[in-house]
Amino acid sequence: PYSYKEWIKIIELHIYFSDIDKALDAVDYALAIDSAKTEANYYKAFCFIEQGNYDDAVTILDSLDKTKDEGIFIMLATCFTKMGKFEDSNLVLTEMENYFPNNASAMYLRAENIYKSTKEYDEAIALLQKAETILPYSFDIIYKLAKLYYEKEEYSNSKEVLSQLLN
């Protein structure tokens, strides 16, 4: 196809079917048509994240206008978290809060950073509980909350939180 929009559709299909290499090829075709388009670069960063290529994803995400899309902030913070750069991740999340306050995904990542860097269970649990009030049916939030309770050996709390997944 000679249409940027058609290539975006092809990228989305390849990502949907988890064919990241073909998605990256389609990204290259889309960018050959219009290298300034944010959407193709966003998908390229997404593909890099899927491949575990966080450094290249960070380079792309840093070049995008994060103020219009909270997903870019989340992806960037996630890359830093995956690389063990918890302070960098928290800096991104703090910047995000200026544009998108009370974001459950940001709270989840902040809790993840606290848990991985300091093992401060209570602080991480408090953030996850706050995130859960925003997104009460998020599997990720509920699972992480149950996991932290379990690691604290608060088995009844862990079981109670996990029971939410059955309802």
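FYI, side chains are in, hydrogens and waters are out, and symmetry mates aren't considered; it's all heavy atoms of this structure. Everything numeric here is computed off the predicted structure, so don't read it as measured data.
Under the salt bridge (charged side-chain N to carboxylate O under 4.0 Å, His left out) criterion, Lys147 pairs with no residue at all, not counting sequence neighbours. Contacts of Glu154 classified as side-chain hydrogen bond (donor to acceptor under 3.5 Å, both in side chains), with partners at least two apart in sequence or in another chain: Lys152, Asn157. Residues passing the side chain to side chain contact (heavy atoms under 4.5 Å, CB included) test with Phe139 are Tyr143, Leu165, sequence neighbours excluded. With sequence neighbours excluded, the residues that form a side-chain hydrogen bond (donor to acceptor under 3.5 Å, both in side chains) with Lys144 are Glu112. Residues meeting the side chain to side chain contact (heavy atoms under 4.5 Å, CB included) test with Asp25, sequence neighbours left out: none. Residues satisfying the side chain to side chain contact (heavy atoms under 4.5 Å, CB included) test with Ser105, not counting sequence neighbours, are Ile74, Asn103. Residues passing the side-chain hydrogen bond (donor to acceptor under 3.5 Å, both in side chains) test with Tyr54: none are found, sequence neighbours excluded. Partners of Thr67 according to the side-chain hydrogen bond (donor to acceptor under 3.5 Å, both in side chains) rule, which considers only residues two or more places apart in sequence or in another chain, are Asp65.
A single hydrophobic cluster is seen to contain both Tyr121 and Ile142, as judged by linkage of ILVMFWY side chains at heavy-atom distances under 4.5 Å, directly or through other members. Residues Leu162 and Leu145 share a hydrophobic cluster, clusters being chains of Ile/Leu/Val/Met/Phe/Trp/Tyr side chains in contact below 4.5 Å. The hydrophobic cluster containing Phe46 also contains Phe73, counting ILVMFWY residues as joined when their side-chain heavy atoms lie under 4.5 angstrom apart, directly or transitively. Transitive grouping of hydrophobic side chains (ILVMFWY, heavy atoms separated by less than 4.5 Å) brings Leu127 and Ile134 into a common cluster. The hydrophobic cluster containing Leu135 also contains Leu148, counting ILVMFWY residues as joined when their side-chain heavy atoms lie under 4.5 angstrom apart, directly or transitively.
Applying the salt bridge (Lys or Arg N to Asp or Glu O under 4.0 Å) test to pairs two or more places apart or on separate chains, those with a residue in residues 42-62 are Asp28-Lys44. Among residue pairs with one or both ends in residues 83-101, those qualifying as side chain to side chain donor-acceptor pair (under 3.5 Å) are Thr81-Ser89, Ser89-Asn113, Asn90-Asn113, Thr94-Arg110, Glu97-Arg110; sequence neighbours excluded. Legend: salt bridge (Lys or Arg N to Asp or Glu O under 4.0 Å) pairs involving residues 3-19, not counting sequence neighbours, sorted by first then second residue: Glu6-Lys9, Asp19-Lys22.
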**Request:** Dump the intermediate steps for side chain to side chain contact (heavy atoms under 4.5 Å, CB included) on Ile141 and Gln129, then the final yes or no.
**Result:** CA-CA 8 Å; Ile141 294 169; Gln129 288 170 332; over 6 Å; no
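For the atom pair CD1 (Ile11) and CD1 (Ile20), the distance works out to 11.0 Å, reported to the nearest 0.5 Å. In this structure, CE on Met107 lies 4.5 Å from CG on Asn102, to the nearest 0.5 angstrom.
Relative ring orientation between Tyr29 and Trp7 is described as parallel, the plane-to-plane angle staying below 30° on a 0-90° scale split at 30° and 60°.
Side chain of Ser163 to main chain of Glu160: a donor-acceptor pair is present (N/O by atom type, distance under 3.5 Å, no hydrogens or angles).
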Show every donor-acceptor pair shorter than 3.5 Å between a side-chain atom in residues 31-41 and any protein atom, with sequence neighbours excluded, or say none if there are none.
unit_1, atom_1, unit_2, atom_2, d
Asp34, OD1, Ala36, N, 3.1
Asn41, ND2, Lys37, O, 3.0

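Applying the 6.0 Å contact sphere to OH of Tyr4 captures more than 12 heavy atoms from other residues, nucleotides or ligands. Heavy atoms from other residues, nucleotides or ligands lying under 6.0 Å from NZ of Lys119 number more than 12.
Between Leu128 and the choices Tyr149, Tyr115, Tyr108, the side-chain contact (heavy atoms from CB on, under 4.5 Å) rule is met once, by Tyr108.
Between Ala26 and His14 the shortest heavy-atom distance is CB-CD2, 4.4 Å. The two residues Cys47 and Ala23 have their closest heavy-atom pair at SG-CB, 3.7 Å. Annotation for Leu61 and Cys79: closest pair CD1-SG, 4.3 Å, computed over non-hydrogen atoms.
Side-chain contact check for Met96 versus Glu70: some heavy-atom pair is nearer than 4.5 Å. The side-chain heavy atoms of Asp69 and Tyr42, taken from C-beta on, include a pair separated by under 4.5 Å.
In this structure, Phe86 has its ring center no closer than 6.0 Å to that of Phe80.
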